[in-house]
**Student:** 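Let me give you the structure first, and then I'll get to my questions.
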Amino acid sequence: MPKLVLIDGSSYLYRAFHALPPLTNSAGEPTGALFGVVNMLRATLAERPDCAVFVVDAPGKTFRDDLYPEYKANRSALPDDLRAQVQPMCDIVQALGFPLLRIAGVEADDVIGTLALEAAREGTEVTISTGDKDFAQLLQPFDDGGSIRLVNTMSGSVLDTDEAVIAKFGVRANQIVDMLALMGDAIDNVKGVDKCGPKTAAKWLAEYGTLDGVIENAEKIGGKIGENLRTALPRLPLNRELVTIKTDVPLDQPAKSMTLRDRDVDTLRTLYARYGFNAALRDLDGTPAPGATERKVSMRGTEAGWARTGAASAEAPDPRLGEKGEYETVTTREQLDAWIAKLQAADAFAFDVETDSLDAHTANLVGVSLATQAHAGCYIPFGHDYPGAPAQLKREDVLDALRPLFTDASKKKIGQHGKYDLHVLRTHGVAVRGYAEDTMLESFVFNAGASRHDMDSLAKRYLGYDTVRYEDVAGKGAKQIPFSHVSLEDATRYAAEDADVTLRLHAVLRPKIAAEPSLDAVYRDIEMPLVPVLERIESNGVLVDVAELRRQSADLGKRMLDAQQLATNLAGRTFSLDSPKQVGQLLFEELKLPVQVKTSTGQPSVNEEALEALADLHELPKVILEYRGLAKLRSTYTDKLPEMVNPSTGRVHTSYHQAGAATGRLASSDPNLQNIPIRTDDGRRIRRAFVAPEGRRIVACDYSQIELRIMAHLSEDPNLLRAFTSGDDIHRATAAEVFGRTIEEVTNNERRAAKAINFGLMYGMSAFGLAKQLGIGRGEAQDYIALYFSRYPGVRDFMERTRQEARERGFVETVFGRRLHLENIQARNQGLRAGAERAAINAPMQGTAADIVKRAMIEIDRWLAGLGGRALMILQVHDELVFEVEEAFVEELVAGAKDRMAAAAELRVPLVVDAGQGLNWDEAH
DNA sequence: AGCTGCCCGTAC
DNA sequence: GACGTACGGGCAGCTA
């Protein structure tokens, strides 16, 4: 049977561009994507197909743009570095002997679809080589009498049976189009049904067979998602048209004429030399093309691609970033010594530790993985214990052997979320120095707006690579086993891959950051130095008075019981005060109280605002509020915190997430110590349980109005700058300015209004929001805002400037150059866009404050490091740093910490720091 | 029993 | 729809 290979050139070029580091030849021309594509083509040639065609998109509009003007509207223009590689690629493709097709008015997909069907009809075996899943709609399984299959040489996957399609997509090949129409396609800007992903689409199609079936039965689908479906109904037929690959494009030549020509050796030699493809060049001169004989490979399986050609030259960096690596399990002294030698010879290495627990503070090391070059790595197990487990090296021997490398500051270490690894190694007697690069932080600095910065997501995003997930080897939920019970084979493919992929990610991300001096500075001067500081703070922990919390729990419990009994009497029946649903039924259906507030989904709300509004009509709402306040304190804090105390230290060790908040703030969890109550007396009591041990004190230092000061700095508004320089209470000064009073004349109510305006502005609040906040009319609120802006015109200009900058550049910056990209700033949806604008206004202030606090933490840590533990930094709460200090050192600590915090930035207004001290955190305020 | 979305509430 | 950034508890519905 004749064979035809259809190559989706555009998809490979695009994916190779994003997967590979930005290589250039000696003349500085970009070559990375080209290199990837060329290797892929040489592998395809090794298959000796009868016919093959390389299809690329032609520039200009296609019929889909006419159908739907927004088609691909949010796809950015081809990067210059990629565009520059298109013509050279076409030259090489043709010199290699491939027919090249570029048809205007349709996409490469449609040309491939047309040729595939034509050839299949004529009995040719068709292989579509593409990285695009949408092609699954064309599949005609061989075992079903058809003859079209798909291969993806980047992931190494083959799709050639109906079962494989069902396993991958949950629907049959002939339902793929309907599925895509329901899901939409974010890349092409085809908007599907909101919240409908592959699972939901497959579920509906399994029930109703086709898209038309789903449309006919749309009324039967319940819930929020059913509503979303009905909203989307009108655009579904168009979606189907957009995602359907055309199979009837008029073409000049039949598929069977697309035979491979002989390669043009002279032209290839010139091109390869120009772009520095040395391995390919060597093949031209004598040696047979790789794969032609000794590496004969089949089209089935991972071998099909550029993957196993062995074509990578020593001169060019390894291009196969999205490939699986080969890993070694180190169980003998000889192997270990060989790896030590490898690490000694390398400039830098990546590492990862494996433990028997996710909690860094109690975890035991069970193995270490290492990598010095991409696609290779090792796992050194020493704590795996299961029936039949092979003999392993001793933990202490391994750590002793590695210690000189890990503690050598000049030997650079690369990790992913290395704070965890640093901590575990330290608790096992290895104090790491020279922790130089962290791929999680690279990703965070490069694009803080991305939702996830974990390794699996980064590998997918930047390498197009599916990593072995933890649950793949250790299971999940109730079936999860500790890593120490995972077999050495599974452990190696998981753990060594972590080190390997870390290295590959660094190769991709480092240049992206290095290209922007301001990002590089944020990464080098703030985020990387902060890693060991946070590790120390977490490890210090804070002493908690568990007995005090238990007393509070008991007290809260009694009062909850009283409130519950009162509520039962008032309602005339029992109900769950914890259930918003039951409370809503009781208040609005049984007691027929008026609905004055609704939730975002349109349901009657029973939140605090709603219950306050009903307080004059019935006694019950107030009692429910009382109960709720008590229940919140008990369940979230007084009951929970004692569970989180580390039994061996008696202290609570939170985790700080350095890539947690897009603005650059830290986030805290397990437990979250950044939302311990302070505003009410009951809540504030909880802070009395955060105590200092005998002979020591808690000291809290916090920046006064740091974000408003940053607003003054950024806006350069003379009135606001003056207000901060004068040293008056800022809200009072604002009230005096806005309401035309002297400082002394300002009433408490006027100060309250000014405070609400000050804060509201920083969050991009509207007149509507201010009115709600202050309980005044919207018109009055608008007057306040107008008055404010007339007194502080610089602030208004700053806000407008920021919005505009965000729209034009797609991101905003802090004073120190940290960027926040705003995905939705150009959205057509007004709600989304308005939200992005508010975030744009807030981010420079919140983010600059975060930068300043981080800089202060680094300086203070450096200072405290030499003091032998007389003072420990133990908490960070955004604008506050908390210390545990020897009694005799308190005064010095306060002075030193305040100085360093105030000096962490030079703004147009002074940075003021307040400090307090006491036996517990409450007293320290 | 575990997962997920929703509602609600705490901090700065 | 209307105020930015987080984390987390309890409920309710779904899934296995």
Side-chain angles (χ1 to χ4, degrees), chain A residues 195 199-200 203 222-225 448 476-480 576-584 597-611 624-625 628-637 639-640 644 654-657 659-680 682-684 686-687 702-703 705-707 756-773 778 781 812 820 822 829-847 849-850 853 875-880:
Chain A
K195 292 267 147 46
K199 298 281 188 243
T200 308
K203 192 174 79 183
K224 180 83 189 143
I225 193 132
K476 61 170 184 171
K479 292 193 193 99
Q480 190 172 80
S576 167
L577 282 80
D578 293 316
S579 163
K581 194 177 154 185
Q582 290 186 34
V583 169
V597 186
K598 293 189 171 180
T599 69
S600 56
T601 54
Q603 299 304 305
S605 176
V606 290
N607 67 9
E608 182 175 0
E609 184 196 350
L611 297 190
I624 296 171
L625 281 176
R628 242 191 226 163
L630 301 169
K632 170 83 177 175
L633 293 177
R634 197 169 83 140
S635 65
T636 311
Y637 303 107
D639 277 359
K640 203 71 196 176
M644 308 296 286
T654 184
S655 289
Y656 287 107
H657 305 285
T663 53
R665 270 194 185 177
L666 300 177
S668 155
S669 70
D670 308 294
N672 180 356
L673 296 185
Q674 291 181 323
N675 72 345
I676 304 298
I678 192 168
R679 291 172 192 181
T680 66
D682 275 332
R684 199 181 173 118
I686 293 167
R687 295 189 172 223
D702 68 295
Y703 284 105
Q705 308 295 355
I706 188 167
E707 293 190 15
I757 297 175
N758 276 333
F759 280 111
L761 281 172
M762 289 192 300
Y763 300 146
M765 188 166 69
S766 62
F768 177 93
L770 183 65
K772 204 162 87 170
Q773 173 82 27
R778 201 168 149 179
V812 291
L820 174 60
L822 297 145
N829 177 321
Q830 215 173 49
L832 286 179
R833 196 175 60 239
E837 286 180 1
R838 290 193 296 273
I841 286 176
N842 179 255
M845 294 179 267
Q846 191 180 120
V853 180
L875 293 172
Q876 190 256 41
V877 193
H878 308 308
D879 65 356
E880 172 184 4

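Every chain is numbered from 1, with letters handed out A, B, ... down the list of sequences.
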**Student:** Do we see a donor-acceptor contact under 3.5 Å between the side chains of A:His657 and A:Ser668?
**Tutor:** no
**Student:** In terms of side-chain heavy atoms of A:Ser669, which of C:dC7, C:dG4, B:dG9 is nearest?
**Tutor:** C:dC7
**Student:** Taking the minimum atom-to-atom distance to the side chain of A:Lys632, which one of C:dG8, B:dC7, C:dC7 wins?
**Tutor:** C:dG8
**Student:** Does any part of the side chain of A:Gln674, heavy atoms only, come nearer than 4.5 Å to the side chain of A:Leu666, both counted from C-beta?
**Tutor:** yes
**Student:** Is there side-chain contact between A:Arg684 and A:Arg679, with heavy atoms separated by less than 4.5 Å?
**Tutor:** no
**Student:** So, is A:Arg679 near the phosphate of B:dC12, with a side-chain N or O under 4.0 Å from OP1 or OP2?
**Tutor:** yes
**Student:** Donor-acceptor pair, A:Thr654 side chain versus A:Pro671 backbone, under 3.5 Å?
**Tutor:** yes
**Student:** Kindly give the atom pairs (protein nitrogen or oxygen, nucleotide nitrogen or oxygen) under 3.5 Å for nucleotides 13-16 of chain C.
**Tutor:**
from   : atom 1 : to       : atom 2 : distance (Å)
C:dG13 : OP1    : A:Lys581 : NZ     : 2.8

**Student:** Would a distance-only check, ignoring hydrogens and angles, find a side-chain to backbone donor-acceptor pair under 3.5 Å from A:Gln846 to A:Thr663?
**Tutor:** no
**Student:** Would you say C:dC7 has OP1 or OP2 under 4.0 Å from some side-chain N or O of A:Ser668?
**Tutor:** no
**Student:** Find the distance A:Asn672:CG to C:dA6:P and express it as a whole number of Å.
**Tutor:** 12 Å
**Student:** Please name the pair of heavy atoms, one in A:Val853 and one in A:Asp879, separated by the smallest distance, quoted to 0.1 Å.
**Tutor:** CG2-CA, 4.3 Å
**Student:** In terms of side-chain heavy atoms of A:Leu625, which of B:dG9, B:dC8, B:dC12 is nearest?
**Tutor:** B:dG9
**Student:** Any idea which heavy atoms bring A:Asn842 and A:Tyr763 closest together, and the distance?
**Tutor:** ND2-CD2, 3.4 Å
**Student:** With respect to the side chain of A:Ser579, which nucleotide from B:dG9, C:dA6, C:dC11 is positioned closest?
**Tutor:** C:dC11
**Student:** Check the distance between C:dA2's C1' and A:Glu837's CD and give it to me in whole angstrom.
**Tutor:** 13 Å
**Student:** Kindly point out which of C:dG10, C:dC7, B:dT10 is positioned nearest to the side chain of A:Asp578?
**Tutor:** C:dG10
**Student:** Taking B:dG9 as the reference, what is the distance to C:dC3 when you measure between their C1' atoms (whole Å, please)?
**Tutor:** 16 Å
**Student:** Can you find a heavy atom in the side chain of A:Ile624 that is under 4.5 Å from one in the side chain of A:Leu611?
**Tutor:** yes
**Student:** Roughly, in whole Å, what's the span from CG in A:Leu875 to C1' in B:dA11?
**Tutor:** 13 Å
**Student:** Please work out which residues in residues 762-770 of chain A have a non-hydrogen atom less than 4.0 Å from an atom of DNA chain C and list them by number.
**Tutor:** A:Tyr763, A:Gly764, A:Met765, A:Ser766, A:Phe768, A:Gly769
**Student:** For A:Lys772, report the nucleic acid contact type (base, sugar-phosphate, nothing); a contact means any heavy atom under 4.0 Å.
**Tutor:** nothing
**Student:** A:Ser635 has a side chain; which of C:dG9, C:dT5, C:dG8 sits nearest to it?
**Tutor:** C:dG9
**Student:** Among C:dC11, C:dT5, B:dG9, which nucleotide sits nearest the side chain of A:Ala661?
**Tutor:** C:dT5
**Student:** By the 4.0 Å heavy-atom rule, please label A:Glu707 as base, sugar-phosphate, or nothing.
**Tutor:** nothing
**Student:** Between P on B:dC12 and CD1 on A:Ile676, what's the gap in Å once rounded to a whole number?
**Tutor:** 10 Å
**Student:** Answer whether the closest heavy-atom distance between the side chains of A:Tyr637 and A:Asn672 falls below 4.5 Å.
**Tutor:** no
**Student:** Check for a donor-acceptor pair, side chain of A:Arg687 on one end and backbone N or O of A:Ile676 on the other, with a separation under 3.5 Å.
**Tutor:** yes
**Student:** If you take all heavy atoms of A:Ile841 and A:Gly764, which pair is closest and at what distance?
**Tutor:** CG2-N, 4.5 Å
**Student:** Output the rounded distance in Å from CD (A:Glu609) to P (B:dG9).
**Tutor:** 10 Å
**Student:** Can you measure A:Gln480 atom CD to B:dC3 atom C1' for me and round it to whole angstrom units?
**Tutor:** 15 Å
**Student:** Check every atom of C:dA12, B:dC12, B:dT10 against the side chain of A:Val877 and return the nucleotide holding the closest atom.
**Tutor:** B:dC12
**Student:** Do the side-chain N or O atoms of A:Arg665 get closer than 4.0 angstrom to the phosphate oxygens (OP1, OP2) of B:dC12?
**Tutor:** no
**Student:** Given atom CZ of A:Arg687 and atom C1' of B:dA11, what is their separation to the nearest angstrom?
**Tutor:** 8 Å
**Student:** If you only use heavy atoms from C-beta on, which nucleotide in B:dT10, B:dC12, C:dA6 is closest to the side chain of A:Ala662?
**Tutor:** C:dA6
**Student:** By nearest atom, which of the nucleotides C:dA2, C:dA12, B:dC12 is closest to the A:Arg778 side chain?
**Tutor:** C:dA2
**Student:** Using a heavy-atom cut-off of 4.0 Å across all strands, would you classify A:Tyr637 as base, sugar-phosphate, or nothing?
**Tutor:** sugar-phosphate
**Student:** Atom CG of A:Leu633 to atom C1' of B:dA11: distance rounded to whole Å?
**Tutor:** 13 Å
